[in-house]
Amino acid sequence: MRDLGKHPEACSINTATLGFQAPIETVIDAVARAGFGGIAPWRREVEGHDVSAIARRIREAGLTVSGYCRSTYIPALTEHDYKANVAANRRAIDDAAALGSPCFVMVVGGLPEGSKDISGARRQVAEATALLLDHGKNAGVKIALEPLHPVYAAERSCLSLLSEALDLCALIEGNCSDPWLGTIVDVYHLWWDPNLSRDLARAGRENRILGFHACDWLVPTSDILNDRGMMGDGVIDVPQIRQMVEDSGYEGSVEVEIFSVNNWWRRPIDETLRTCRERLATST
Ligand code: ZN
């Protein structure tokens, strides 16, 4: 397993970790200063701005983009809304290409408001992912499905398990040696899965791991969405999971992604970055 203290190029920051306190330009410079090699911006920092100028700023800071977050939720009650969701994601994939991001992160969405049809939601996700995969191939951007902890199934992601994500990849793309469709492994969402070791080995074999997200699960957790912990502060054996991911052949970025409204988002971004960089070296 790589020593992240000695591999800044493998260390990336998902900008959500910094609480969107500063404009993207300021964040880019701070991330580079703190000794990271990568950054994963969010659409809220990019859409409506000059995307090529942001891309240039990232390059000139010596950073690479590890991913672009994230998709508009897919499932909808009407055909019209479903198509609008797919179209919004096509535009975001174009921005991912302009940023030089290798992948577009898809948090697929849960039940549309008023629906109890999770099977229908999953069918819409499968159909839309196939369409977006075609668009991504043309744009040169891989599609990265991020399974979320099942507690989010209603509101954020009807895709919960790594095995489900891999099955969906295989269903849509078939077996291929250089796939354009893959998954994000986020320790917060997958740590509890009793089949994690088996499924990570499969994900590596099938060449489907497009990103690795690190944080920790705090006990107690005060907010299931916005109380994520810094690596080392919770109950996830993050190094063990990274070991499995790297043993499976993954050589990409380790991206810190911490939603923490009452703690890290309130701290100065330089302090959060410094702590993330240290914990990548010691607790990830
Ligand atoms: Zn994530």
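Numbering of residues begins at 1 and proceeds along the displayed sequence. Basis for what follows: all heavy atoms, side chains included, without hydrogens, waters or symmetry-related copies. Whatever order the structure lists ligands and atoms in, that order sets their numbers, starting from 1.
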Determine whether [X] and [Y] make a side-chain contact, defined as any pair of heavy atoms from C-beta on separated by less than 4.5 Å.
| X | Y | answer |
| --- | --- | --- |
| W217 | H149 | yes |
| E60 | I28 | no |
| V125 | P75 | yes |

Q: Sequence neighbours left out, what passes side-chain hydrogen bond (donor to acceptor under 3.5 Å, both in side chains) with N207? Give chain and number order.
A: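 Testing N207 for side-chain hydrogen bond (donor to acceptor under 3.5 Å, both in side chains), a comparison that skips the adjacent residues, returns none.
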
Q) Applying the 4.5 Å side-chain criterion to the ILVMFWY set and letting contacts propagate, would L162 and V151 be lumped into a single cluster? A)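 The answer is yes; both residues are in one hydrophobic cluster.
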
Q) Do you know which of E246, E251, H7 makes side chain to side chain donor-acceptor pair (under 3.5 Å) with R2? A)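 Result for side chain to side chain donor-acceptor pair (under 3.5 Å) with R2: E246.
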
Q) Distance below 2.8 Å from the Zn ion (ligand 1): how many protein N/O/S atoms qualify? A)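 Count of protein N, O, S atoms less than 2.8 Å from the Zn ion (ligand 1): 4.
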
